[in-house]
Amino acid sequence: MSELTSFQMHDGDGGIVGLADLLAFVPGNDWVWSILDFDGIAPPPDGLGFEEFRATVHESPEGHTMSWGQLQDFAVGVRQCFDLLLVAAEDRSRLSPRKFAVDDFGECLVVLAAIDSGSWEVTVDDRLEQTLGLAAKLRARYAAGASGTA
């Protein structure tokens with residue numbers, strides 16, 4: 001089981017809850033982060049051209065992998081996020097293209113999904129949730145009263 005939190009991307013004050021806002025709740029880490037899908041407005045990470053970045057995301061079985069620092073740099077530049085599927089794993093061996101192909105993210109610590117420019121879904125591994133309370137913190141900040149398990 002894992003902890004699922006869903007909430008609107010647009011806050012009550014007319015602002016947008018962006019990727020950088022969500023990542024602010026995640027402590028520094030040495031996990032492997034992978035973008036499996038991205039449609040939005042942002043400068044491509046790691047000095048890549050836009051088409052090269054899109055190709056890496058869509059054609060690589062592991063998506064576009066990056067470190068925590070690289071992800072934070074990318075997130076700061078995201079002006080708008082239409083769709084995103086971002087996962088974190090303890091190491092690269094847990095990024096299973098075979099499982100990702102059937103939407104099985106069970107070996108991932110965190111799954112962040114932006115859906116149609118309207119909402120966020122954040123799934124956190126139970127063990128990690130017990131340690132960090134990440135889903136609970138996001139729920140308290142952005143989804144008052146919402147809860148769930150996946």
Side-chain angles (χ1 to χ4, degrees), residues 1-60 62-90 95 100 102-150:
M1 292 286 268
S2 52
E3 191 74 23
L4 170 67
T5 300
S6 301
F7 48 91
Q8 294 300 308
M9 192 177 284
H10 301 272
D11 67 21
D13 299 324
I16 295 175
V17 179
L19 179 58
D21 298 319
L22 301 183
L23 295 180
F25 288 86
V26 180
N29 59 76
D30 60 357
W31 306 330
V32 176
W33 290 85
S34 180
I35 298 174
L36 300 173
D37 185 30
F38 177 74
D39 184 16
I41 300 171
D46 306 327
L48 298 173
F50 182 74
E51 289 304 318
E52 186 179 12
F53 171 58
R54 285 183 57 87
T56 302
V57 168
H58 295 288
E59 295 171 12
S60 170
E62 294 179 348
H64 181 83
T65 59
M66 57 182 72
S67 69
W68 173 243
Q70 291 168 318
L71 177 60
Q72 288 181 302
D73 290 344
F74 172 70
V76 168
V78 174
R79 292 186 308 210
Q80 193 164 5
C81 194
F82 306 124
D83 291 294
L84 171 71
L85 180 56
L86 172 67
V87 299
E90 291 177 285
L95 298 175
F100 292 167
V102 294
D103 294 333
D104 179 352
F105 304 105
E107 292 195 43
C108 295
L109 298 170
V110 177
V111 179
L112 296 170
I115 302 165
D116 294 331
S117 303
S119 62
W120 286 104
E121 287 186 356
V122 180
T123 306
V124 181
D125 175 79
D126 276 341
R127 292 172 293 136
L128 185 64
E129 182 61 21
Q130 290 174 5
T131 305
L132 299 177
L134 178 59
K137 290 174 186 173
L138 288 168
R139 191 176 305 113
R141 172 64 178 95
Y142 297 114
S147 66
T149 55

Quiz item: In a check of side-chain hydrogen bond (donor to acceptor under 3.5 Å, both in side chains) between T5 and each of E129, K137, R139, R141, which one passes?
Solution: R139
May I ask you to decide if [Y]'s main-chain N or O and [X]'s side chain share a donor-acceptor pair within less than 3.5 Å?
X: D83; Y: F38; value: no
X: D116; Y: G118; value: no
X: W120; Y: V17; value: yes

Atom pair [atom1]/[atom2] of [X] and [Y] - distance to nearest 0.5 Å:
X: E121; Y: M9; atom1: CD; atom2: CE; answer: 10.5 Å
X: E59; Y: E52; atom1: CD; atom2: CD; answer: 11.0 Å
X: I35; Y: L19; atom1: CD1; atom2: CG; answer: 7.5 Å
X: L84; Y: D37; atom1: CG; atom2: CG; answer: 7.5 Å
X: L128; Y: T123; atom1: CG; atom2: OG1; answer: 12.0 Å
X: L86; Y: L36; atom1: CG; atom2: CG; answer: 8.0 Å

Quiz item: Less than 4.5 Å apart, any side-chain heavy atom of V110 and any of L134?
Solution: yes
Please report the shortest heavy-atom distance between [X] and [Y], naming the atom on each side.
X: S117; Y: H10; answer: O-NE2, 3.2 Å
X: P44; Y: L48; answer: CB-O, 3.3 Å
X: D125; Y: S2; answer: CA-CB, 4.2 Å
X: F82; Y: G40; answer: CD1-CA, 3.5 Å
X: I16; Y: D21; answer: O-OD2, 3.5 Å

Exercise. Could you go through the side-chain contact (heavy atoms from CB on, under 4.5 Å) check for V26 and W31 one step at a time?
Key: CA-CA 11 Å; V26 180; W31 306 330; 3.9 Å; yes
Identify every side-chain donor-acceptor pair in residues 69-79 under 3.5 Å, counting partners at least two apart or on other chains, and give the distances.
residue: Q70; atom: OE1; partner: S67; partner atom: N; Å: 2.7
residue: Q70; atom: OE1; partner: S67; partner atom: OG; Å: 3.2
residue: Q70; atom: NE2; partner: D46; partner atom: OD1; Å: 3.3
residue: Q72; atom: OE1; partner: W68; partner atom: NE1; Å: 3.2

